[in-house]
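Each ligand, and each atom within it, is numbered from 1 in the order the structure gives. One is the number of the first residue; the rest follow in order along the sequence.
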Amino acid sequence: MDERQHHAIATWERRWLAISGLMSLSFVILIAYSLVTEGTAIAQSGGRAEPATLTSSALFADPGVRTMGPNEYQVTVVAQAFAFQPETVVLPVGAKAHFYMTSRDVIHGYGVEDTYINIEVIPGEIASFEYTFDRPGTYRVSCNEYCGISHQNMLGAIEVLPVAEYSRRVGAAAQTAPAPSGQAAGAVSGETVFTTNCASCHQANGQGIAGAFPPLAGHAPELFRADRSYPVKVLLHGLQGEIRVAGTVYNGQMPAWNSLSDEQLAAVANYVMNAWGNDAAMPADAAPYTPDDFAAARGEAMTPDEVHALRGTLGLP
Ligand code: CUA
């Protein structure tokens with residue numbers, strides 16, 4: 001090519017270089033602008049947390065909100081397919097909240113709308129960060145790491161209340177809370193426990209999802225009749241292995257729900273045994289579950305595989 005043509009190409013090269021340089025610069029300016037106006041933080045590693053021993057860990061045995069000092073709170077959250085525990089975190093506005101999170105099974109996300117909170121929750125790791133909500137309201141939380149077939153149902157919320165309303169709510173809860181175990185689970189709604197923790201897999205109508213999550217409608221009373229204590233063990237210790245329900249094979253994992261209280265477990269077990277027409281298939285003299293049933297079985301060390309083996313010995317496919 002002759003000299004002039006060569007020059008023309010170089011001119012256009014310089015222009016394109018200038019355009020891409022300007023684009024990069026504007027991206028950097030936009031990022032800097034959003035960091036300044038929206039704030040930022042990087043979650044710190046808060047140490048290790050073995051998924052298998054979460055229930056005996058000081059931090060995660062009873063996840064939720066604890067008072068640390070004046071206007072300062074500790075929030076612990078456990079993620080597991082497909083729910084956050086607690087599902088809803090309630091905080092007063094303007095409080096300094098120290099969050100600690102871990103996962104019981106696979107990687108989940110904890111994304112809070114209208115904030116920069118977007119945490120990767122990794123099994124075995126504790127993610128920690130601080131945040132102060134300056135505006136009352138309900139902030140939706142969603143899992144933003146694909147974690148399985150019901151990932152899209154893994155939702156939670158952070159409810160930020162005006163200070164007066166918060167103390168009213170927490171004061172009222174403190175007065176009604178500690179129902180001594182051994183009494184009827186009247187205060188806890190089994191349906192609420194089910195909707196919060198179980199419905200994302202077993203579905204609100206108890207039908208499950210064929211091939212993925214077994215139905216409880218029609219099936220739960222079979223378990224009860226085989227051995228009344230068997231569903232207690234499934235709820236507390238989980239279940240892993242291939243099972244068959246109404247001819248369909250399931251090979252998923254039922255998580256251990258031992259982070260729920262004895263009262264909540266008894267309430268949800270009674271709900272499941274009687275909802276969706278299951279009551280008709282229950283023995284007439286069936287004794288309802290009590291929190292004591294769960295308190296007694298909580299101590300036994302069983303793995304989800306051992307629960308599966310037990311299922312086999314009961315003659316259940
Ligand atoms: Cu948990 Cu997606």
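- A tilted orientation is assigned to the rings of Phe99 and Tyr110, their planes being inclined by 30° to 60°.
- With respect to atom 2 (Cu) of ligand 1, His151 has ND1 as its nearest N, O or S atom.
- Remark: Arg104 is not positioned above the aromatic ring of Phe60, lacking an NZ or CZ atom under 6.0 angstrom from the ring centre and at most 45 degrees off the axis.
- One of the N, O or S atoms belonging to Met154 lies under 2.8 Å away from atom 1 (Cu) of ligand 1.
- The existence of a salt bridge linking Lys233 and Glu306 is excluded, since no basic side-chain nitrogen approaches an acidic carboxylate oxygen closer than 4.0 Å.
- Centroid-to-centroid, the aromatic rings of Tyr289 and Phe224 come within less than 6.0 Å.
- Minimum-distance N/O/S atom of Glu145 relative to atom 2 (Cu) of ligand 1: O.
- The angle that Cys147 SG and Cys143 SG make at atom 2 (Cu) of ligand 1, rounded to 10°, works out to 120°.
- Shortest distance from atom 1 (Cu) of ligand 1 to His108 is reached at ND1 (N/O/S atoms only).
- In summary, the side chains of Asp105 and His108 do present a donor paired with an acceptor at a separation below 3.5 Å, with no hydrogens or angles considered.
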